[in-house]
2 protein chains.
Amino acid sequence: MVHGHLKPVSSRLTVQTIGRLSLYRRLLLEVSASGARQIYSHQLATAAVATPAQVRRDLMAIGFSGSPRRGYAVDDLIAAINAVLARNVETSVALVGVGNLGRAILAYFANREPWVRFTAAFDRDPDKVNRILHGCRVYPIDRAEEIIRRDGIRAAAIAVPASEAQHTADRLVLAGVRSFLNFAPVRLHVPTGTFVDDVDMTTALDRVAFYAHQPQGS
Amino acid sequence: MVHGHLKPVSSRLTVQTIGRLSLYRRLLLEVSASGARQIYSHQLATAAVATPAQVRRDLMAIGFSGSPRRGYAVDDLIAAINAVLARNVETSVALVGVGNLGRAILAYFANREPWVRFTAAFDRDPDKVNRILHGCRVYPIDRAEEIIRRDGIRAAAIAVPASEAQHTADRLVLAGVRSFLNFAPVRLHVPTGTFVDDVDMTTALDRVAFYAHQPQGS
DNA sequence: AGCTATCTGTGACTGCGTTCACAATGTGAA
DNA sequence: TTCACATTGTGAACGCAGTCACAGATAGCT
Ligand SMILES: NC(=O)c1ccc[n+]([C@@H]2O[C@H](COP(=O)([O-])OP(=O)(O)OC[C@H]3O[C@@H](n4cnc5c(N)ncnc54)[C@H](O)[C@@H]3O)[C@@H](O)[C@H]2O)c1
Ligand SMILES: NC(=O)c1ccc[n+]([C@@H]2O[C@H](COP(=O)([O-])OP(=O)(O)OC[C@H]3O[C@@H](n4cnc5c(N)ncnc54)[C@H](O)[C@@H]3O)[C@@H](O)[C@H]2O)c1
């Protein structure tokens with residue numbers, strides 16, 4: 001029984017489901033490494049801090065089936081998620097802004113997610129360019145359009161100061177980028193059809209500070 | 001769909017509203033610096049990439065009123081948001097894990113958000129402790145409970161490897177921390193009444209990779 | 001002072017993500 | 001082979017964040 005395959009469901013997958021699939025895959029890779037070959041929805045749910053029904057709905061959304069009393073086949077499920085999340089191809093991502101955060105990101109993802117690879121980085125500081133950092137070549141920002149077009153890069157992480165973020169996004173959109181990982185604490189204006197995922201640590205820190213003051217359990 | 005998750009329902013302010021208020025404040029501080037004294041809901045909405053009705057609802061939620069035809073008083077609104085988000089006091093935050101990401105965070109927030117301050121950092125690597133980094137003292141992890149209790153710290157950022165995150169959270173909870181900024185790509189199990197805001201760059205990158213493959217749009 | 005344009009405040013509504021609840025399933029045991 | 005029952009698959013119900021639409025308000029204009 002083959003589970004999971006490409007199908008015309010992509011546009012029906014919500015952004016929330018995509019996010020949880022990413023989490024499920026990470027958890028499943030550990031489960032698989034530990035030797036388990038089957039897993040129940042309630043087990044995955046516990047690991048993901050979600051409900052069993054949520055897990056089953058998500059797997060239903062990608063057309064993956066389990067079997068009653070045996071649960072889901074771990075390795076097949078990993079393969080199915082791989083097929084959905086990145087079409088089983090390696091996605092090239094550009095990084096703009098090789099500062100403290102940009103360097104941490106290059107270091108972290110260098111060998112960690114095989115399906116995603118930072119293939120080019122850009123900065124406007126002459127001291128930071130024209131070298132290779134964690135396997136990623138750093139170019140001057142002026143060459144961004146050229147490299148992105150040449151390599152057909154469609155995803156980019158923005159790690160420049162907030163004041164430069166919108167301008168940077170505008171350039172990248174024109175060069176062909178249609179999916180952004182935005183670390184700047186501002187919201188980007190992009191054309192319809194362009195995806196932006198905001199990783200706003202500033203807002204997150206403010207939220208954490210707020211809830212630190214809430215009286216326990218009221 | 002909510003970015004953070006709280007075990008009980010505590011305030012009438014939703015976590016989404018708290019997040020947007022943080023964004024509004026950041027935008028308003030720029031508006032104020034530029035000299036404007038009043039602002040309309042549709043102007044704030046444009047800057048925040050939201051709708052005017054959304055902005056008005058959020059301000060209504062904190063009991064802030066504007067005036068027809070004049071809009072909202074910028075500085076009063078900033079003060080109102082300050083009062084709500086952190087009770088007008090400086091919130092002390094602990095950092096656990098002074099690696100690449102932890103150091104970037106200490107550097108970034110050192111002088112940027114006056115209402116939040118990293119007052120103590122912890123690491124288990126002896127080479128990284130017993131020094132001051134960007135104004136934050138770094139202690140060995142064994143002293144975490146002692147320092148957190150002594151200083152009454154209730155918020156913490158977790159920037160240790162994923163395999164250490166749950167164990168770290170458990171320790172911090174016992175020491176009195178009830179609000180977490182979690183950078184590890186796992187979901188934390190915490191007691192009811194404890195807040196966790198996940199900043200999951202791994203999931204975010206997977207989402208960005210997914211949408212980079214979507215054929216032109218949505 | 002009265003009029004008007006336009007913004008705010010908010011009850012009602014909508015859409016959608018999540019959860020519920022249970023019928024369908026098929027496995028493993030006897 | 002038969003049976004028992006834990007688990008899956010999913011239509012329906014639910015809850016709530018977000019949006020609509022308009023009544024109410026007020027500053028500026030004549
Ligand atoms: N470091 C953190 O922990 C942290 C936390 C919250 C938010 N952020 C956000 O992430 C972004 C990066 O933060 P950081 O700490 O790495 O900043 P940083 O100042 O260390 O690095 C910014 C880098 O961007 C480069 N740059 C500036 N303008 C550019 C342009 N127009 N084109 C190309 N490169 C340009 C600079 O040369 C520098 O190398 C900022 O938007 C910041 O608000 C960072
Ligand atoms: N760096 C990034 O850009 C990035 C991206 C995505 C996710 N993350 C996550 O953020 C976290 C930190 O990432 P990083 O790149 O800074 O890792 P890192 O390896 O550079 O730093 C981890 C630090 O934690 C310390 N540590 C380990 N176990 C500890 C413990 N039990 N108690 C106290 N300290 C301990 C280590 O000594 C080290 O200094 C990880 O969970 C990682 O998955 C980081």
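In what follows, every chain begins at residue 1, and chains take the letters A, B, ... in the order their sequences are listed.
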A.B. asks: Taking only side-chain N and O atoms of S65(A), does any of them lie within less than 4.0 angstrom of OP1 or OP2 on dG9(D)?
C.D. replies: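 Yes, such a contact exists.
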A.B. asks: Using whole Å, what does the distance between atom P of nucleotide dA17(D) and atom CG of D58(B) come to?
C.D. replies: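 Interatomic distance, CG of D58(B) to P of dA17(D): 11 Å.
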A.B. asks: Once you round it to whole Å, what is the distance between C1' of dC5(D) and NE2 of H42(A)?
C.D. replies: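 In whole Å, dC5(D) C1' and H42(A) NE2 are 14 Å from each other.
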A.B. asks: Would you mind building the protein contact string for nucleotides 23-30 of chain D? One character per nucleotide, 5' to 3', B for base within reach (heavy atoms under 4.0 Å), S for sugar-phosphate only, - for untouched.
C.D. replies: -BBBB---
A.B. asks: Does Q54(B) put a side-chain nitrogen or oxygen below 4.0 Å from OP1 or OP2 of dA17(D)?
C.D. replies: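 Q54(B) to dA17(D) OP1/OP2: no side-chain N or O under 4.0 Å.
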A.B. asks: Checking all strands, does T17(A) fall into the base, sugar-phosphate, or nothing category for heavy-atom contacts under 4.0 angstrom?
C.D. replies: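 It contacts nothing in the nucleic acid.
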A.B. asks: Q43(B) CD to dT6(C) P: how many Å, rounded?
C.D. replies: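 Whole-Å distance recorded here is 14 Å.
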A.B. asks: Minimum heavy-atom separation for A121(A) and V98(A), please, with both atom names.
C.D. replies: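 Closest heavy-atom pair between A121(A) and V98(A): CB-CG2, 3.8 Å.
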A.B. asks: Atom CD1 of I62(B) to atom C1' of dG9(C): distance rounded to whole Å?
C.D. replies: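 The distance from CD1 of I62(B) to C1' of dG9(C) comes to 14 Å, rounded to the nearest Å.
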A.B. asks: Should the heavy atoms of other residues, nucleotides or ligands under 6.0 Å from CZ of R37(A) be counted, would the total exceed 12?
C.D. replies: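 12 or below, so no.
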A.B. asks: May I have the distance from F64(B) (atom CZ) to dT10(C) (atom C1'), rounded to whole angstrom?
C.D. replies: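 Atom CZ in F64(B) sits about 17 Å away from atom C1' in dT10(C).
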A.B. asks: Counting just side-chain N and O atoms, does T14(B) come under 4.0 Å of either OP1 or OP2 of dA17(D)?
C.D. replies: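 So the side chain of T14(B) is outside the cut-off, no N or O lying under 4.0 Å from OP1 or OP2 of dA17(D).
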A.B. asks: If you apply the rule side-chain contact (heavy atoms from CB on, under 4.5 Å), what do you find for L77(A) with F64(A), and how did you get there?
C.D. replies: CA-CA 7 Å; L77(A) 181 47; F64(A) 188 86; 3.7 Å; yes
A.B. asks: Give a yes or no on whether a donor-acceptor pair under 3.5 Å exists between the nucleobase atoms of dG11(C), that is its base, and the side chain of R57(B).
C.D. replies: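 Yes, the side chain and the base share a sub-3.5 Å donor-acceptor pair.
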A.B. asks: Does N111(B) CG have over 12 foreign heavy atoms under 6.0 Å away?
C.D. replies: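 Incorrect, the count does not exceed 12.
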A.B. asks: Is the backbone of A184(B) close enough, under 3.5 Å, to the side chain of N182(B) for a donor and an acceptor to pair up by distance?
C.D. replies: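 Yes, because the side chain of N182(B) sits within donor-acceptor range (under 3.5 Å) of the backbone of A184(B).
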A.B. asks: Starting at atom CZ of R20(B), determine the distance to atom P of dT19(D), rounded to an integer number of angstrom.
C.D. replies: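 So the two atoms are 9 Å apart, to the nearest Å.
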A.B. asks: Compare the minimum distances between each of dG9(C), dC7(C), dT10(D) and the side chain of M60(A), then state the nucleotide with the smallest one.
C.D. replies: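 Within the option list, the nearest is dT10(D).
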A.B. asks: Below 4.5 Å, heavy atoms only, C-beta onward: do R25(A) and L21(A) meet side chain to side chain?
C.D. replies: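 R25(A) vs L21(A): side chains apart.
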A.B. asks: Got a donor-acceptor contact below 3.5 angstrom from the R117(B) side chain to the V93(B) backbone?
C.D. replies: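 Here the side-chain-to-backbone pair does not exist.
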A.B. asks: Rounded to the nearest Å, what distance is computed from the CZ atom of residue R56(A) to the P atom of nucleotide dT8(D)?
C.D. replies: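 Those two atoms, CZ and P, are 6 Å apart.
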A.B. asks: To the nearest angstrom, how far is L77(A) atom CG from dG9(D) atom P?
C.D. replies: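 Checked: the CG to P distance equals 11 Å.
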A.B. asks: From dT8(D), dC7(C), dG18(D), pick the nucleotide closest to the side chain of Y72(A)?
C.D. replies: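 Nearest to the side-chain atoms of Y72(A), counting from C-beta on, is dT8(D).
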